[in-house]
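In this chain, numbering begins with 1 at the start of the sequence shown. Predicted model, so just to flag it, every value in this text is computed and none were measured.
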Amino acid sequence: MRQKKQLVVRRLPRKAEPPLPTPPPRPSLFEVWQHRIQLFGARWRNVILVVMGALLAFAMMLVYDSAKPPPQNLTQQDIDEAVSRTMASATPPPAIASQVYAYVRPSLVRIEATNDDPDPKKRTSIGTGVIFDDTGTILTALHIVNGAKKIEVTFWNGDKSDATIQLKQAENDIAVLRPDLPPDNLIPATLGNPNSLRPGDLAIVVGHPFGIQNSVTEGVISGTNRNFMSPNSGQVIQNVIQFDAAVNPGNSGGPLLNRYGEVMGIVTGLINPTDQGVFIGIGFAVPIQTAARGLGEPED
């Protein structure tokens with residue numbers, strides 16, 4: 001009989017397991033807070049820098065304010081002296097009339113008309129004219145040159161020339177003159193809109209009263225749409241401008257100007273209840289849109 005072999009199971013020797021690592025020591029409370037502060041600083045670093053910069057600037061302002069001397073109390077005398085220094089150094093702008101005169105002066109002419117009147121006092125008439133286009137055409141008052149044998153015009157630069165009547169408007173006391181030898185550097189005046197005038201607006205007149213060169217007067221517009229009987233011709237001139245800037249013989253034919261130096265009318269006459277041709281406060285001008293039409297019959 002066969003004998004059964006007995007199975008022998010041999011156990012291998014057990015490997016020795018490595019010892020467990022020693023756990024790290026528990027951090028102290030200081031180390032925990034230090035770690036938290038580091039995390040907070042890393043996360044909010046930029047914000048902290050901005051806040052610290054603001055605090056530093058605020059601290060510097062406090063130091064600066066504390067180092068400044070205390071403000072001085074101003075007395076009334078200090079204020080008065082400061083105002084006086086300021087007023088003394090301030091340069092006032094030129095008057096409006098002065099600016100208007102400088103603007104229109106190159107466009108003005110002096111007119112001298114002579115005739116054969118037996119009375120020596122009436123043989124010469126002095127008036128004013130204004131250049132209103134590039135060819136040298138001159139607007140003036142008809143009663144200055146009407147019937148003249150010779151007309152001489154003097155321009156602002158001193159040049160002189162004979163002139164002839166090109167057109168007449170007897171109903172408006174307006175004459176259009178053409179100089180024989182106009183200068184090359186003509187500067188025509190700027191024409192305005194008389195319909196924009198209102199009573200109380202500034203009125204400036206430039207002319208040659210009694211032959212006195214380039215005289216300037218200033219006043220206001222007294223009214224519009226007036227009717228005026230010319231003492232020279234007896235002609236009733238309609239729709240004229242009334243003003244109170246001083247005018248006298250020699251101003252006739254000159255420009256009535258607004259504050260911008262624009263020609264609003266041509267001076268035609270004045271009212272005086274006496275026989276003397278001097279100004280008492282009422283002058284008249286033909287609106288420029290009427291005078292510049294150039295209507296009428298050519299001079300024969």
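The two atoms that bring N214 and H208 nearest to each other are N-ND1, 3.0 Å, heavy atoms only. Heavy atoms only, all atoms of each residue included: P194 and I241 are closest at CB-CD1, 4.2 Å. P188 and L186 get closest at one heavy-atom pair: CD-O, 3.8 Å. Here the shortest heavy-atom pairing between G219 and L202 reads O-CD1, 3.5 Å. Residues T128 and G207 approach most closely at OG1-CA, 3.4 Å, considering heavy atoms.
Side chains of H143 and S252 form a contact here, defined as non-hydrogen atoms less than 4.5 Å apart. Contact of the V220 side chain with the P199 side chain is not registered, since no non-hydrogen atoms from C-beta on lie closer than 4.5 Å. Using a 4.5 Å heavy-atom threshold, the side chains of I288 and F132 count as separate.
Rounding to the nearest 0.5 Å places CZ of F243 at 14.0 Å from CG of D201. The structure places CD1 of I282 at 9.5 Å from CG of L270, a figure rounded to the nearest 0.5 Å.
Remark: of the listed residues N239, I266, I237, T268, I237 is the sole one forming a side-chain contact (heavy atoms from CB on, under 4.5 Å) with N172.
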Can you give the donor-acceptor pairs under 3.5 Å from side chains of residues 105-112 to other protein atoms, not counting sequence neighbours?
{"from": "R105", "atom 1": "NE", "to": "Y101", "atom 2": "OH", "distance (Å)": "3.1"}
{"from": "S107", "atom 1": "OG", "to": "I187", "atom 2": "O", "distance (Å)": "2.6"}
{"from": "S107", "atom 1": "OG", "to": "A189", "atom 2": "N", "distance (Å)": "3.3"}
{"from": "R110", "atom 1": "NE", "to": "Q213", "atom 2": "OE1", "distance (Å)": "3.0"}
{"from": "R110", "atom 1": "NH1", "to": "E112", "atom 2": "OE1", "distance (Å)": "3.2"}

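Judged purely by distance below 3.5 Å, without hydrogens or angles, the side chains of T190 and Y103 pair a donor atom with an acceptor atom. The closest side-chain donor-acceptor pair between D159 and N157 falls under 3.5 angstrom. Counting only N and O atoms by type, the side chains of T135 and R178 include a donor and acceptor under 3.5 Å apart.
In this structure, E218 has no salt bridge (Lys or Arg N to Asp or Glu O under 4.0 Å) partners at least two apart in sequence or on a different chain.
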